[in-house]
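Throughout, protein chains are lettered first and strands after them, A, B, ... in sequence-line order, and every chain is numbered starting at 1.
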Amino acid sequence: MLAKDYSKEIEEKWQKIWQENNVYAFDEADALKPKTENPKPIYSIDTPPPFTSGELHMGHVLSYSFFDFIARYKRMNGFNVFYPQGWDTQGFPTEVKVEKKYGKLAPTEFRQKCVEWTYKFIAKMKAQMIEMGFSPDWRYEYRTMDSNYHRKVQFSLIEMYKKGEIYRAAYPVHWCPNCVSAIAKAELEDLERETLLNYISFTGHNGEQLIIATTRPELIPACVAMMFNPTDERYKHLKGKIATTPFGDEVPIIADKDVEKEFGTGLMMVCTFGDKMDVVWTHRYKLQFKNVINQYGKMQNVGEFNNLKAEQARIKILEKLKTDGKLIKQEKKSQIVKIHDRCKTPVEFITSMQWFGDIKAKAGKIKEFAKQIEWIPSFGISYLTDWIDNVDWDWVISRQRIFGTPLPFYYCEKCDRTAIADELPFYAEKAKSKICLCGNEMKPETSTCDCWVDSSITPLIIAGWPNEKMLEKIYPLSLRPQGVEIVRTWAFYTIYRSGILTNKAPWKTILLNGNVLAPDGKKMSKSLGNIISPQQLQTKYPVDAIRQWAALSGAMAKDRPFSYEDLRYAKSFLIKLWNSTKLVEISTENYLEEEKKLRLVDKWIIGRMNETIRDFTAHMEAFEYHYAMNKLYQFYWHDFCDNYLEYVKHRIYTPQIYGEKSKKAAQYVMKYVLYNTIKLIAPITPHISEEIWQKFFKEKESIHRAHWPKIGIIDTNAIASAQIANEIVKILRQYKAVNKKAMNSILSFVKMRAPNIQDFEEDICGVIKIQKLEIEKSNNIELVCAEFAPEKSS
RNA sequence: GGGUUCGUAGUGGAGCGGUUAACACGUCUGCCUUACACGCAGAAUAUCAGAGGUUCGAAUCCUCUCGAGCCCACCA
């Protein structure tokens with residue numbers, strides 16, 4: 001007997017059993033079989049390793065549900081599914097929290113604390129994943145902080161170094177003075193703020209007053225040129241001349257098309273480095289470097305202003321300029337500054353020695369790999385190509401952090417030569433000494449990798465690289481599912497790195513999903529207080545309802561607000577499925593498949609079942625879960641429960657009137673529909689499907705090892721005829737509703753004309769409850785009419 | 001400024017050349033009909049953003065305008 005209600009206890013029971021029985025195990029032995037032994041086809045998923053923040057958010061729940069639908073669907077379709085799960089562990093947020101708790105520690109100890117901290121967080125997130133019913137094969141779990149993972153990342157970097165892809169060089173990089181580290185362009189965020197635009201007087205070669213406008217007067221000591229637009233009549237006479245800054249430096253005056261005439265006075269200064277355009281201009285005109293800001297964001301090489309923070313120096317310098325009469329005027333101005341996404345500190349440009357990945361030279365190659373991949377939706381590739389076209393310089397892969405993968409290199413401070421580590425994994429603190437070709441002792445690199453260096457080889461890591469045995473079986477992987485917002489990082493770097501290392505695109509298909517917005521349609525954020533926590537939902541709703549919510553939110557690569565309506569609807573579907581199953585249970589007690597006589601409505605619902613199998617399957621193939629589920633709701637809830645089950649009740653309850661064979665047929669059809677329906681929804685709602693399966697069908701140890709339904713007979717004539725019966729029922733129900741009669745009230749007299757009378761007379765009269773029915777056969781299928789006698793007390 | 005996605009009932013959203021413009025939530029009406037009232041039945045609600053055009057026919061294709069989201073660039 002089915003329990004009275006569907007409950008979370010049922011879900012937890014199956015989660016346990018699935019774990020214990022390894023229902024989702026990837027069959028490695030089968031995968032390694034030679035082709036001649038017909039191994040099952042492999043379907044491999046390069047699942048995103050979430051950052052170990054300690055808690056899943058709704059975005060995770062949405063996207064990981066998708067991955068799980070795919071894995072379960074493919075398993076039921078005969079694939080040997082390889083679905084590992086990893087963790088992106090290393091990063092600044094963890095360092096911040098660990099430092100807050102333990103204070104400053106030596107690197108080795110600090111890293112150890114970070115590792116311990118991360119293990120706790122992984123445990124929480126993993127429990128949540130299991131509670132969501134996700135079905136990765138946990139035997140292949142990986143963490144980017146593991147020494148084995150380090151070893152592979154380092155090996156990959158050495159391989160790339162040998163190919164000339166990785167190099168160390170001095171370059172202006174985006175620099176966070178708070179983190180004291182270089183950061184990548186992808187880590188920048190915009191901050192809009194109010195600032196002062198200062199008009200400051202420079203001196204021309206003949207004593208002329210030249211006024212420039214700047215928001216960063218503290219950089220005047222780093223001024224290396226003045227500029228104006230070549231079409232600007234006011235300044236044409238200055239071209240090629242020399243000007244003197246308020247600090248007495250002589251700088252050239254250059255005409256350049258990128259100068260905005262309308263901004264300030266149309267005359268400007270170029271510094272090392274106020275912003276990105278300064279960097280561009282410095283390289284364009286081979287200007288000298290004047291580094292006045294150090295790695296901590298403090299002034300240097302500026303005499304009396306040394307060691308002041310940039311903002312303090314700005315105040316002091318403005319005071320000085322004012323006293324000297326060089327500050328002409330100030331006006332308020334709103335400005336957008338680049339800040340570091342993790343600590344929100346305004347970013348500087350600083351010249352320093354960093355390690356780079358050679359992405360600019362490989363832009364064409366990366367695009368080629370990208371084109372070999374099927375992008376779903378297809379416009380997704382444009383996010384990647386647009387990004388590639390806008391890359392200004394190479395990828396800075398080094399970070400001056402501790403909890404990260406150490407870069408496996410040495411460098412020589414004297415001659416700038418570099419060398420690779422000989423033993424992996426490599427850690428600077430334990431590094432062996434190495435003598436440079438110049439005779440100097442080399443320094444082991446203490447910088448760590450950008451976290452995207454770690455995660456950009458996940459397809460290789462899970463495929464067992466560099467071991468060829470598994471690699472050749474599952475690389476390129478079948479699928480990379482990921483968020484649309486990290487195309488320019490994760491997808492881009494993975495295509496670059498995995499592509500360079502294997503000379504193949506890493507996956508056959510990339511599937512992009514959108515984000516979950518708050519119910520108000522805005523981004524979820526702490527400041528707006530509109531965050532929905534999955535954990536809270538899990539206490540109130542069955543997991544199978546939350547998973548349906550994910551399916552319903554599934555328009556690809558599009559953001560959608562979180563919807564409690566969807567969730568409640570999903571929950572009521574579970575209740576519907578449960579209660580209807582109970583009806584099937586009591587209706588089919590002691591049923592043995594015997595001789596049966598299918599009636600019109602039976603053929604109709606069988607036909608609709610098979611239409612649903614056909615459509616549902618097509619939508620699953622196309623990753624269109626919302627369409628799939630909508631088809632199923634329509635079929636199961638409305639066609640099957642609301643109509644079919646009502647139509648056949650009288651056949652079940654009173655076989656003495658309608659015949660045993662008719663009852664048997666109804667019983668058969670009920671089981672048939674239930675059997676196929678729970679299989680279809682098993683990938684979306686695995687728990688309730690399993691419970692029903694185990695109670696009624698149990699052909700295999702789990703429904704998740706069962707075979708996907710095949711499309712059977714779709715009797716289009718039966719479907720068309722039954723539609724007419726449905727119409728008649730609808731008209732009669734309408735009559736009762738309009739005349740405010742109870743649905744179970746008995747109509748005293750009904751007369752109708754319709755085709756196929758014999759076929760549906762018996763099928764429908766049990767539902768509409770008619771005392772006296774007159775049916776007239778008519779060839780006109782369109783014409784269905786009902787006439788009603790005045791009601792008599794019955 | 002460039003790219004991209006999109007503007008359809010109160011809300012969320014299908015439909016993408018011919019439909020009475022789906023479905024769900026919400027609203028209104030009736031019904032506790034031997035699985036389910038967390039249900040069933042019925043009803044109302046849409047200048048398909050606006051303006052042109054192509055077509056026998058457009059929510060659907062094209063052009064422009066207006067508006068929104070996301071990504072990118074960006075004023076020193």
Open item on the list: Please classify the nucleic acid contact of A:Cys641 as base, sugar-phosphate, or nothing, using heavy-atom distances under 4.0 Å.
Closed with: base

Task: Of the listed nucleotides B:C25, B:G13, B:C40, the one nearest the side chain of A:Tyr569 - done: B:C25

- [ ] Using the closest heavy atom to pick a nucleotide of RNA chain B for each, name whichever of A:Thr214 or A:Leu645 lands nearer the 5' end.
- [x] A:Leu645

- [ ] Whole angstrom is fine here: how far is it from CE in A:Met268 over to P in B:C74?
- [x] 13 Å

Open item on the list: For a quick check of understanding: with a heavy-atom distance under 4.0 Å over all strands, which category does A:Met277 fall into, base, sugar-phosphate or nothing?
Closed with: sugar-phosphate

TODO: Go through the side-chain N and O atoms of A:Thr654 and A:Gln656 and say whether any donor and acceptor fall under 3.5 Å apart.
DONE: no

- [ ] Measure from CD1 on A:Ile381 to C1' on B:U4 and round the result to the nearest Å.
- [x] 14 Å

TODO: Could you check which of B:A76, B:A35, B:C40 has an atom nearest any side-chain atom of A:Glu646?
DONE: B:A35

Task: Comparing A:Ile586 and A:Asp642 on RNA chain B - which has the more 5′ nearest nucleotide - done: A:Ile586

Open item on the list: Without decimals, in angstroms, what is the distance between A:Lys695 NZ and B:A35 P?
Closed with: 20 Å

TODO: Using the C1' atom as the reference point in each nucleotide, state the distance between B:C25 and B:C61 in Å, no decimals.
DONE: 33 Å

Open item on the list: Tell me whether A:Asp249 is salt-bridged to A:Lys290, with the criterion being a basic N under 4.0 Å from an acidic carboxylate O.
Closed with: yes

TODO: Consider the side chain of A:Arg560, meaning its heavy atoms from C-beta on, and name the nucleotide among B:C38, B:G13, B:C36 that approaches it most closely.
DONE: B:G13

Open item on the list: Could you check whether A:Trp549 and A:Phe562 have their ring centres less than 6.0 Å apart?
Closed with: yes

- [ ] Might you point out which heavy atoms bring A:Met670 and A:Val648 nearest each other, and give the distance in Å?
- [x] CE-CG2, 4.0 Å

Task: Nearest-angstrom distance, P atom, B:C28 to B:A68 - done: 34 Å

- [ ] Tell me which nucleotide among B:U5, B:G39, B:A76 gets nearest to the side chain of A:Phe379.
- [x] B:U5

Task: P spacing across the pair B:U11 / B:U54, given as an integer number of angstrom - done: 34 Å

TODO: Could you work out the separation of B:C74 and B:G13 based on their P atoms and round it to a whole Å?
DONE: 33 Å

Task: Spacing between A:Trp281 atom CH2 and B:C74 atom C1', to the nearest angstrom - done: 11 Å

Open item on the list: Any strand counts, and the cut-off is 3.5 Å on both contacts for Watson-Crick or G-U wobble. Which nucleotide pairs with B:C28?
Closed with: B:G42

Task: Out of B:C70, B:A76, B:A35, whichever nucleotide has its closest atom nearest the side chain of A:Lys523 - done: B:C70

Open item on the list: Please confirm whether the shortest side-chain N or O distance from A:His638 to OP1 or OP2 of B:A24 is below 4.0 Å.
Closed with: yes

Open item on the list: OP1 or OP2 of B:G15 versus the side-chain N and O atoms of A:Tyr627: is any pair under 4.0 Å?
Closed with: yes

- [ ] May I ask you to check whether A:Thr588 and A:Gln667 show a side-chain donor-acceptor distance below 3.5 Å?
- [x] no

- [ ] Measure from the side chain of A:Leu583, starting at C-beta and using heavy atoms only, and say which of B:C38, B:A35, B:A76 lies closest.
- [x] B:A35

Open item on the list: Just the rounded figure in Å: distance from C1' of B:U33 to OH of A:Tyr647.
Closed with: 15 Å

- [ ] Could you work out which one of B:C23, B:C40, B:A76 sits closest to the side chain of A:Gln634?
- [x] B:C23

TODO: Go through B:G39, B:G12, B:C23 for me and flag the one nearest to the A:Pro561 side chain.
DONE: B:G12

- [ ] Specify the separation, in whole Å, of atom CD of A:Glu565 and atom C1' of B:A24.
- [x] 9 Å

Task: Pair A:Gln548-A:Tyr625, side-chain hydrogen bond (donor to acceptor under 3.5 Å, both in side chains): steps then yes or no - done: CA-CA 9 Å; A:Gln548 281 177 80; A:Tyr625 312 111; over 6 Å; no

Task: Spacing of the C1' atoms in B:C6 and B:G50 (rounded, Å) - done: 16 Å

Open item on the list: We want to know whether A:Asp615 and A:Tyr627 form a side-chain donor-acceptor pair, criterion being a heavy-atom distance below 3.5 angstrom.
Closed with: no

Task: Any strand: nucleotide that pairs with B:G12 via Watson-Crick or wobble, under 3.5 Å - done: B:C23

Task: B:G26 versus B:C16 - spacing of their C1' atoms, nearest Å - done: 28 Å

Open item on the list: Using OP1 and OP2 only, check whether a side-chain N or O of A:Lys276 sits under 4.0 Å from B:C74.
Closed with: yes

Task: N or O in side chain of A:Lys631 less than 4.0 angstrom from B:A22 OP1/OP2 - done: no

Open item on the list: Given B:G13, B:U4, B:A35, identify the nucleotide with an atom nearest to the side chain of A:Ser580.
Closed with: B:A35

- [ ] Decide yes or no, distance alone: a donor-acceptor N/O pair under 3.5 angstrom between the base of B:C38 and the side-chain of A:Lys571.
- [x] no

TODO: Decide whether A:Asp5 and A:Trp578 meet the rule of one side-chain donor and one side-chain acceptor closer than 3.5 Å.
DONE: no

TODO: For residues A:Phe696 and A:Tyr675, establish whether the separation of their ring centroids is below 6.0 Å.
DONE: no

Task: B:C75 and B:C66, which share atom name C1', separated by this distance in whole Å - done: 27 Å

Task: Counterpart base for B:G57, defined by Watson-Crick or G-U wobble contacts under 3.5 Å - done: none

Task: Under-4.0 Å side-chain N/O to phosphate OP1/OP2 contact, A:Tyr653 with B:A35 - done: yes

Task: Watson-Crick or G-U wobble partner of B:A49, both distances under 3.5 Å - done: B:U65

Open item on the list: Looking at A:Trp578, I'd like to know whether one of its side-chain N or O atoms comes within less than 4.0 Å of OP1 or OP2 on B:C38.
Closed with: no

TODO: Would you kindly give the CG-to-P distance between A:Leu567 and B:G13, to the nearest whole Å?
DONE: 16 Å

Task: d(CD, A:Glu348; C1', B:A76) in whole Å - done: 14 Å

Task: C1' spacing across the pair B:U45 / B:U27, given as an integer number of angstrom - done: 9 Å

TODO: Sort out the partner of B:C75 for me: Watson-Crick or G-U wobble, both distances under 3.5 Å, none otherwise.
DONE: none

Open item on the list: Which nucleotide wins on minimum distance to the side chain of A:Lys333, given the candidates B:A76, B:G12, B:G39?
Closed with: B:A76

